[in-house]
Visitor: 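Okay, handing you the structure first.
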There are 2 protein chains.
Amino acid sequence: MSTKPDDTTIAAWIGLSRAQRVATAGIEARLKAAGFPPLAWYDALWELERAGGEGLRPFELERALLFEQYNLSRLIDRLEKAGLVVRRACPNDKRGQVLAITPEGLKLRCEMWGVYAPAIEAAVGAKLDAEEAKVLAGLLAKLAITSA
Amino acid sequence: MSTKPDDTTIAAWIGLSRAQRVATAGIEARLKAAGFPPLAWYDALWELERAGGEGLRPFELERALLFEQYNLSRLIDRLEKAGLVVRRACPNDKRGQVLAITPEGLKLRCEMWGVYAPAIEAAVGAKLDAEEAKVLAGLLAKLAITSA
DNA sequence: CCTACTTAGATGCAACTGCATCAAATTCAC
DNA sequence: GTGAATTTGATGCAGTTGCATCTAAGTAGG
């Protein structure tokens, strides 16, 4: 390892960076224009919704979202203050807590999807055919694997 | 437009987001560990280096890097304070300025590449073969096109 | 020219992030 | 079991980003 990247690798890296910025900027702009909070809120709410009544420990959410610990801690503060999430004491581990989405959280998550979904379509779907999207998803999945 | 994305499109979007985070985190971590400033500094220095003696107007750099205007303005402040870049008055347009990289800037850009290059290889090159990298770069380029 | 409009760049303020560190609970090794 | 090491989550502080707005200079339209 630690060799030099070839030109195609560099092109892929730059493309990754730019494509993600363009797509994210477009999607975030639509959410903001519709008066919704940023994507990170959606992601957190969605994970909690998928987790169901069980809820999730903050550290689990942290790993699912690839968030820094301190960022997640403060995101939860904001979500809680907004009434979208509740922190409950964790029965097994007295250090910890269990997070659960509230009905308001469910509602917001759902409303956001109404804007988020067409935004994804515009930022990604409209620029690729079905086969391309499939290939892209596969290649990106390889990059996301953290070998460490 | 504004239709719903299909599952592959959603998978591509999520993959884009995660792959970029994983790759960027790895690369930034290596730069930081080597005592270097963040990637944004590299990008700005590299653009200015490519522009050569002509230099670049801030708004050109802004578009090249997809930076917000106020972020670029302050990034230039920091680069200038660090002696890596100089702001010169623009002869044609008295509102504006021309940016140029200094010898110190050239030196730092070059030293950073020594860490950045293997970091790209580790984050991207090592996870894809040559053909995959090529295909990925092509697909990502399509996403970066801003139709507006 | 003179007013209206646009463009280039800076900046005050609030929100957010990163870093370092902390306290408390749990786990591990002996 | 007891002390060391690890894990969970919070937080003070400094640095950065986002928003809104501002000034100055260029560009039109009459």
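Naming: A, B, ... by sequence-line order, numbering from 1 per chain.
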Visitor: Between C1' on C:dA10 and CG on B:L99, what's the gap in Å once rounded to a whole number?
Guide: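 Nearest whole value for this atom pair: 14 Å.
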Visitor: Identify, residue by residue, the members of residues 48-71 of chain A with a heavy atom below 4.0 Å from DNA chain D, and return them in order of residue number, or none.
Guide: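 Those residues are A:R57, A:P58, A:F59, A:R63, A:Q69, A:Y70.
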Visitor: Could you list by number each residue of residues 81-97 of chain B showing a heavy-atom separation from DNA chain C of less than 4.0 Å, or answer none if no residue does?
Guide: B:R87, B:R95, B:G96, B:Q97
Visitor: Find the bend of the helix from C:dC1-D:dG30 to C:dC30-D:dG1 as the angle between its two terminal axes (five pairs each), to the nearest 10°.
Guide: 30°
Visitor: May I ask you to decide whether A:E104 forms a salt bridge with A:K107, counting only side-chain N to carboxylate O separations under 4.0 Å?
Guide: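 Here A:E104 does not pair with A:K107 in a salt bridge, since their nearest N and O are not under 4.0 Å apart.
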Visitor: I'd like to check the side chain to side chain donor-acceptor pair (under 3.5 Å) partners of A:E62; sequence neighbours left out, ordered by chain and number.
Guide: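 Per chain and number, A:E62 pairs via side chain to side chain donor-acceptor pair (under 3.5 Å) with no residue.
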Visitor: Just how far, in rounded Å, is P of C:dG9 from CG of B:D77?
Guide: 13 Å
Visitor: Distance criterion of 3.5 Å, no angle test: do you see the side chain of B:R74 paired donor-to-acceptor with the base of D:dG18?
Guide: yes
Visitor: Does atom CG of B:D7 have more than 12 heavy-atom neighbours from other groups under 6.0 Å away?
Guide: no
Visitor: Whole angstrom is fine here: how far is it from CG in A:L72 over to C1' in C:dT17?
Guide: 13 Å
Visitor: Please report, rounded to the nearest Å, how far the C1' atom of C:dT17 is from the CZ atom of A:R78.
Guide: 9 Å
Visitor: Under the side chain to side chain donor-acceptor pair (under 3.5 Å) test, which residues partner B:R18, sequence neighbours left out?
Guide: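 Per chain and number, B:R18 pairs via side chain to side chain donor-acceptor pair (under 3.5 Å) with no residue.
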Visitor: Grab the CH2-C1' distance between B:W41 and D:dT17 for me, whole Å please.
Guide: 16 Å
Visitor: Excluding sequence neighbours, so at least two apart, what forms salt bridge (charged side-chain N to carboxylate O under 4.0 Å, His left out) with B:R95?
Guide: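 B:D93.
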